[in-house]
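Quick caveat, the model's predicted, so the values are computed rather than measured. The basis for the numbers below is simple: all heavy atoms, side chains too, and nothing from hydrogens, waters or symmetry mates. Starting from 1, each residue takes its place in the sequence as its number.
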Amino acid sequence: DGVTLACPDGHVATQPPPEDASTFYNMLALDCEMCYTEVGLELTRATAIDRYGKVVYDELVIPPRPITDYNTQYSGITADLLAGVTRTLPDVQ
């Protein structure tokens, strides 16, 4: 229809599913776990569930800056949990 969406810096527009996609979700819930770095809150986990509560996406994410507080009491994220994680924010966008 010729509509172009503008995204603020640091955001990525949602892309339509590929034509060969075998699964279509008409509703998803997204939960993001955050930790603190020198710039504030940054993503450490992205989880999506469908309308039936089935987890359809769950990825740990390593922030680009050193973590100063894992926010474990709220996020459940720990240093051990993130050990060896290489996925970054652009990987999950």
Looking only at heavy atoms, which two atoms of Thr37 and Pro66 are closest? And how far apart? CB-O, 3.4 Å
Tyr36 vs Leu41, test: side chain to side chain contact (heavy atoms under 4.5 Å, CB included). Steps then yes/no. CA-CA 5 Å; Tyr36 287 94; Leu41 289 168; 3.5 Å; yes
With side chain to side chain contact (heavy atoms under 4.5 Å, CB included) as the test, would you mind laying out the steps for Met34 and Leu43 before giving the verdict? CA-CA 5 Å; Met34 312 295 279; Leu43 183 69; 4.1 Å; yes
Interatomic spacing from CD in Gln93 to OG1 in Thr88 - rounded to 0.5 Å: 8.5 Å
Check which hydrophobic residues are tied to Leu82 through side-chain heavy-atom contacts below 4.5 Å, counting indirect links as well, and list them. Leu60, Ile62, Ile67, Tyr70, Ile77, Leu81, Val85
Can you confirm whether Glu33 sits close enough to Asp31 that some side-chain heavy atom of one is under 4.5 Å from a side-chain heavy atom of the other? yes
Taking the side chain as every heavy atom from C-beta outward, state whether Val55 and Ile49 have any atom pair closer than 4.5 Å. yes
Could you measure the distance from the SG atom of Cys35 to the CZ atom of Arg65? Nearest 0.5 Å is fine. 10.0 Å
Between Asn71 and Asp69, what is the shortest heavy-atom contact and its length? N-OD1, 2.7 Å
